[in-house]
Amino acid sequence: QVQLVESGGGLVQAGGSLRLSCVFSGRTFSNYVMGWFRQAPGKEREFVAAINRSGGTTYYADSVKGRFTISRDNIKNTIYLQMNSLKPEDTAVYYCAADYRGTAQAMGTTQGHDYWGQGTQVTVSS
């Protein structure tokens, strides 16, 4: 059974930075494409970023492109989301997700993923 545990959220001022982590356990990490999603109050969950199994290819939502960076460490079984130049509209609960089949590119366009973490709150004050 795969488990995903996010950490690193918190309260930050606009323009600041945070780095989120998501630790994967239970299966072979390098077999999974991984992604970050977020859900703001009153809104649907939305795609943020995804990374392929080797870590060589990444995809981003237009709203975070150039500010956020997704990466993975296949030794530490962890993915990261470095978030810079944060804006109040980035306030949300951030979730990591894992898919055994499919591609990182498809994570941004498909509904439903194999495994989800419990989420970590990110609040950006203006």
| said: If you compare all heavy atoms of P88 against all heavy atoms of A14, which two are closest, and at what distance to 0.1 Å? | reply: CD-CB, 4.1 Å

| task | Using atom types as modelled and distance alone, determine if a side-chain donor or acceptor of E6 lies under 3.5 Å from a backbone N or O of L20. | result | no

| Linking I/L/V/M/F/W/Y whenever their side-chain heavy atoms sit closer than 4.5 Å, directly or via other members, would I51 and V2 fall into one cluster? | yes

| task | Could you tell me the separation between the OG atom of S71 and the CE atom of M34, rounded to the nearest 0.5 Å? | result | 11.5 Å

| To the nearest 0.5 Å, what is the distance between OG1 (T91) and CG (L11)? | 8.5 Å

| Yes or no on side chain to side chain contact (heavy atoms under 4.5 Å, CB included) for Q13 and S125, after CA distance, side-chain angles and deciding distance? | CA-CA 5 Å; Q13 288 188 333; S125 63; 3.7 Å; yes

| request: Working to the nearest 0.5 Å, report the span between OG of S85 and CZ of R67. | output: 7.0 Å

| said: Tell me the closest heavy-atom pair linking A98 and L4, and the distance in Å. | reply: N-CD1, 3.9 Å

| query | Where does the angle between the aromatic ring planes of F47 and F37 fall among parallel (under 30°), tilted (30 to 60°) and perpendicular (over 60°)? | reply | perpendicular

| field | Straight-line distance of E44 CD to R38 CZ, nearest 0.5 Å | value | 14.0 Å

| In Å and rounded to the nearest 0.5 Å, what is the NZ to OG distance from K87 to S126? | 14.0 Å

| query | Would F68 and L81 satisfy side chain to side chain contact (heavy atoms under 4.5 Å, CB included), going step by step from the backbone distance to the final call? | reply | CA-CA 7 Å; F68 290 11; L81 186 68; 4.1 Å; yes

| For the side-chain contact (heavy atoms from CB on, under 4.5 Å) test, which of T78, V5, D73 pairs with S21? | T78

| message | Closer than 3.5 angstrom, by distance alone: can the side chain of S30 be matched with the main-chain N or O of R53 as a donor-acceptor pair? | response | no

| task | Determine whether W36 and Y59 fall in the same hydrophobic cluster, where Ile, Leu, Val, Met, Phe, Trp and Tyr are linked whenever their side-chain heavy atoms lie under 4.5 Å apart. | result | no

| query | Does NZ or CZ of R72 fall inside the cone over F29's six-membered ring, less than 6.0 Å from its centre and within 45° of the axis? | reply | yes

| query | If you look only at pairs with a residue in residues 69-106, which of them pass as a ring pair (Phe, Tyr, Trp, His ring centres under 6.0 Å), with sequence neighbours excluded? | reply | Y32-Y100

| query | Considering all heavy atoms of both residues, which atom of C96 and which atom of I79 are nearest to each other, and what is their separation? | reply | CB-CD1, 4.0 Å

| task | Kindly give the heavy-atom pair with the smallest separation between A49 and Y60, and that separation in Å. | result | CB-CD2, 3.6 Å

| Is it true that a side-chain atom of R19 and a backbone atom of Q82 form a donor plus acceptor pair closer than 3.5 Å? | no

| Side-chain donor/acceptor of N84 to backbone N/O of S17, under 3.5 Å | no

| Is it true that atom CD of Q3 has more than 12 heavy atoms of other residues, nucleotides or ligands lying nearer than 6.0 Å? | no

| remark: Heavy atoms of V64 and V48 approach each other most closely as CG2-O, 3.6 Å

| Salt-bridge present (D62, K65; N to O < 4.0 Å) | yes

| query | Side-chain heavy atoms under 4.5 angstrom apart, residues restricted to Ile, Leu, Val, Met, Phe, Trp, Tyr: same cluster for V23 and M83? | reply | no

| field | Rounded distance [0.5 Å steps], CZ in R101 versus CG in D114 | value | 7.5 Å

